[in-house]
Amino acid sequence: MNASTLPSKPAAGRDCVFAAAGLKKEYDEGQVQALRGVDFQIMQGEFVAIIGPSGCGKTTLLQMLGALDLPSTGSLYYRNESVQDLKDAAGYRARQIAFVFQSFHLLPTFTALENVQMPMLETKLGRADREDRARRLLKSVGMEHRMNHFPAKLSGGERQRVAIARSLANNAPVLLADEPTGNLDSENAQLILELLVRLHREQSMTVVMVTHDLEIAQKASRIIAMKDGRIVSDSAKP
Ligand code: ADP
Ligand code: MG
């Protein structure tokens, strides 16, 4: 069998975290083509920003990486596993992926400390260990003084800190962030960005961050620009 007849499994090497080939996603029976054939590899420890105008497919791409939705065609690998063929997509999301969203998605009737413990409820950790870990995570994002506050009593920047702490609860190696600074003023946006950069450095996390803010994107080590469901440029910093 020569190379051209091999199945479309990309040559995902030891350090390749995501490999996409010919990735397409249609909605509404093909009326919407959100991804029109996307190819890339993301390596262990990269900090990638995905930029592009509203509607170009950024969120859709992140949803594919996080196995929140399935591609229509093409292949997508996480390390050596086909994301489309995962038997336990929920387990993949829980163990491999930390998600951060623009609108935080905190549970309003639980305190910061309780929100951060939520992902740990599914694990073997006992109550005291869960709480202890949640305290340490909140401390690491500078929220030790707001542990018992409810989300409504926190500022946007503080809510995002709690959401980031929660996303780290299960020690996932990959962080996917969809417009994490989109609801924040520029000062808080900078603080959140610095926090993500620090996590990336200190914990060697692979980070894929969607943003439409070019200044925010500049902090990444690589910028993938999209337009109309395609990648139009992909450049790593020297
Ligand atoms: P971005 O995050 O870059 O703003 P999206 O990935 O959210 O873009 O959307 C890409 C395109 O797919 C848009 O045209 C959007 O309206 C469409 N789209 C996204 N999600 C859905 C859905 N669940 N059903 C139908 N169309 C969708
Ligand atoms: Mg989006």
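In listed order, ligands and their atoms are each counted from 1.
- One side chain, T59 or D178, offers a donor N or O that lies under 3.5 Å from an acceptor on the other.
- Ionic pairing of D15 and R79 is not present here: no N-O contact between side-chain nitrogen and carboxylate oxygen is shorter than 4.0 angstrom.
- Contact record, H200 with M205: ND1-O, 2.9 Å, taken as the closest heavy-atom pair.
- Here the closest non-hydrogen pair linking K227 and C56 is CA-CB, 4.0 Å.
- Ion pairing between a basic and an acidic side chain is recognised when a charged N comes within 4.0 Å of a carboxylate O; R127 and E131 show no such pairing.
- The residues lining ligand 1, counting any heavy atom closer than 4.0 Å, are Y27, D28, V32, A34, P53, S54, G55, C56, G57, K58, T59, T60.
- Backbone or side-chain N, O or S atoms of T59 reach the Mg ion (ligand 2) at under 2.8 Å.
- For the residue pair Q33 / R230, no side-chain donor-acceptor distance below 3.5 Å is found, with atom types taken as modelled.
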